[in-house]
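To start, the structure under review is shown below, and the notes come after it.
Numbers restart at 1 for each chain; the letters A, B, ... are given by sequence-line order, proteins then strands.
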There are 2 protein chains.
Amino acid sequence: MVPIYLLGILLRFGPQHGYQIKRTLAENVADFTSIKLPTIYYHLEKMEREGWVSAKRETEGTRPERTIFTITQKGREAFLDGLERQLALTYRPTFDADALFYFADHLDFSQIIRRLETYVTQMERSLAEIRRHQLAISADLPQDHRVCVGIIFSHHTLHYQAEKTWAQTTIKALLSGGNTDAQATDH
Amino acid sequence: MVPIYLLGILLRFGPQHGYQIKRTLAENVADFTSIKLPTIYYHLEKMEREGWVSAKRETEGTRPERTIFTITQKGREAFLDGLERQLALTYRPTFDADALFYFADHLDFSQIIRRLETYVTQMERSLAEIRRHQLAISADLPQDHRVCVGIIFSHHTLHYQAEKTWAQTTIKALLSGGNTDAQATDH
DNA sequence: CCCTCCATAGTCAGCGCTGACTATTTGCAT
DNA sequence: ATGCAAATAGTCAGCGCTGACTATGGAGGG
């Protein structure tokens, strides 16, 4: 995934140095990925060895030297190739919560329920944030691109909603089916 | 996550060697995780250094020597500690499809739509498989544990449904909003 | 004019993970 | 008896990633 993002950014926004790519990513796709700086440099180096980008040392004013990366023809091909490979959509998630519930017999059910309740509000906050970001970002985008970005946002939204629904139904399940009679808590 | 699974398995099913743990995982939690053999050995070694498990070489019949791992008191504490830390539920997914749609201007919309259509049926197959596995597995489980495993299955089910819904609405969005007029394909 | 803080630009050791490999044993058909 | 796949039990090199670090430049306050 990382190389696709880097090549795509270099294609769309022109030649950049590592740190600048980091900022471009932060400004444009922070909602979908969180690629760390060392990861960026790692892949830039690798892609240079592959001939997908070309590096040029540059000094601007009194600023320290920087390495500007430009996408090559070979890089454009690799980008398209990688993107087309992504057309083979797959989904096989694993959730940390799975382990939690698989071994839930070692835990206190009432405590789990309390956590799930705060989790529901967390998801609600995430959903609100997503909607806010979508409005803020897609405002100044050309129509075609806004549609695509909208698709990404709706993807995330649907999964956050799934997460919220799951937490809510789980609370109910634990309250009725679980050994909730063990909840002789204080009060 | 891996250490929690390994310690939990050793707790619930008793002392085992690496390969045996692999089988136990495959038989019990293959639907939620896919921990590879080398990963198991890596963590067993690490946990032995930490004093969470104790190793004992053993020979049975003509079979080659095996290293049996037993959970220690310290390991039991580490397990509970790790499990409780999982109570801090979090969710911040990234999807490969995000990159696909962020750079979708480099691709043919009609091709994307075709892929999404097969993706919908893939998700339907996954949903059917999940339901089948749930019935098969939870049949011979004690009530309490069945509830918990049911929670895990419903978690996965909800996300597969989200994925299916997303694919369906995306198809519609692309057909109406996208530049589908560029679909002067053969026929 | 100095001091501090943030932004800039990048490096590096080390962690977690796994594909690909070794080596032996058992089951089973021929 | 023989051959051959599958199961058993485990190892190892190397990949991708990132927390923590270095080092310099400008901005602003006192």
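- Using a 4.5 Å heavy-atom cutoff, the side chains of B:Leu174 and B:Thr170 are in contact.
- Residue B:Arg66 has its side chain nearest to D:dG10 when only C:dG16, D:dC17, D:dG10 are considered.
- A search for side-chain hydrogen bond (donor to acceptor under 3.5 Å, both in side chains) contacts involving A:Gln86 returns nothing, not counting sequence neighbours.
- When the side-chain hydrogen bond (donor to acceptor under 3.5 Å, both in side chains) test is applied to B:Asp96, no partner is found at least two apart in sequence or on another chain.
- Looking at residues two or more places apart in sequence or on another chain, you find a side-chain hydrogen bond (donor to acceptor under 3.5 Å, both in side chains) between B:Tyr119 and B:Glu163.
- In terms of phosphate contacts, B:Thr67 brings no side-chain nitrogen or oxygen within less than 4.0 Å of OP1 or OP2 of D:dA9.
- Pairs engaging residues 121-147 of chain A under the ring-ring contact (aromatic ring centres under 6.0 Å, His included) rule: A:His145-B:Tyr102 [sequence neighbours left out].
- Shown for residues 5-26 of chain B: no residue has heavy atoms falling under 4.0 angstrom of DNA chain C.
- In terms of the salt bridge (Lys or Arg N to Asp or Glu O under 4.0 Å) criterion, B:Arg115 has no residue partners (sequence neighbours excluded).
- Taken residue by residue, residues 50-57 of chain B places no heavy atom nearer than 4.0 Å to DNA chain D.
- Partners of A:Arg57 by salt bridge (Lys or Arg N to Asp or Glu O under 4.0 Å), not counting sequence neighbours, listed by chain and number: A:Glu65.
- Whole-Å rounding puts the A:Glu65 CD to C:dT8 P distance at 19 Å.
- Residue pairs meeting the salt bridge (charged side-chain N to carboxylate O under 4.0 Å, His left out) criterion with at least one partner in residues 76-90 of chain A, sequence neighbours excluded, are A:Asp81-A:Arg85.
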Atom pairs and distances, donor-acceptor, side-chain atoms in residues 120-128 of chain A, under 3.5 Å, two or more places apart:
residue, atom, partner, partner atom, Å
A:Thr121, OG1, A:Thr118, O, 2.7
A:Glu124, OE2, A:Lys164, NZ, 3.3
A:Ser126, OG, A:Gln122, O, 3.2

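- Residues passing the salt bridge (Lys or Arg N to Asp or Glu O under 4.0 Å) test with A:Glu50, sequence neighbours excluded: none.
- Between the CD atom of A:Glu45 and the P atom of C:dA9 there is a distance of 18 Å, rounded to whole Å.
- Per the geometry, CG belonging to B:Asp96 stands 15 Å off C1' belonging to D:dG16, to the nearest Å.
- As a whole-Å value, the separation of A:Leu44 CG from C:dG10 C1' is 11 Å.
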Check the interface with nucleotides 18-24 of chain C: list each N/O to N/O pair with the protein under 3.5 Å, or write none.
residue, atom, partner, partner atom, Å
C:dT18, OP2, B:Thr39, OG1, 2.7

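- At least one side-chain heavy atom of A:Asp31 sits under 4.5 Å from a side-chain heavy atom of A:Ile137.
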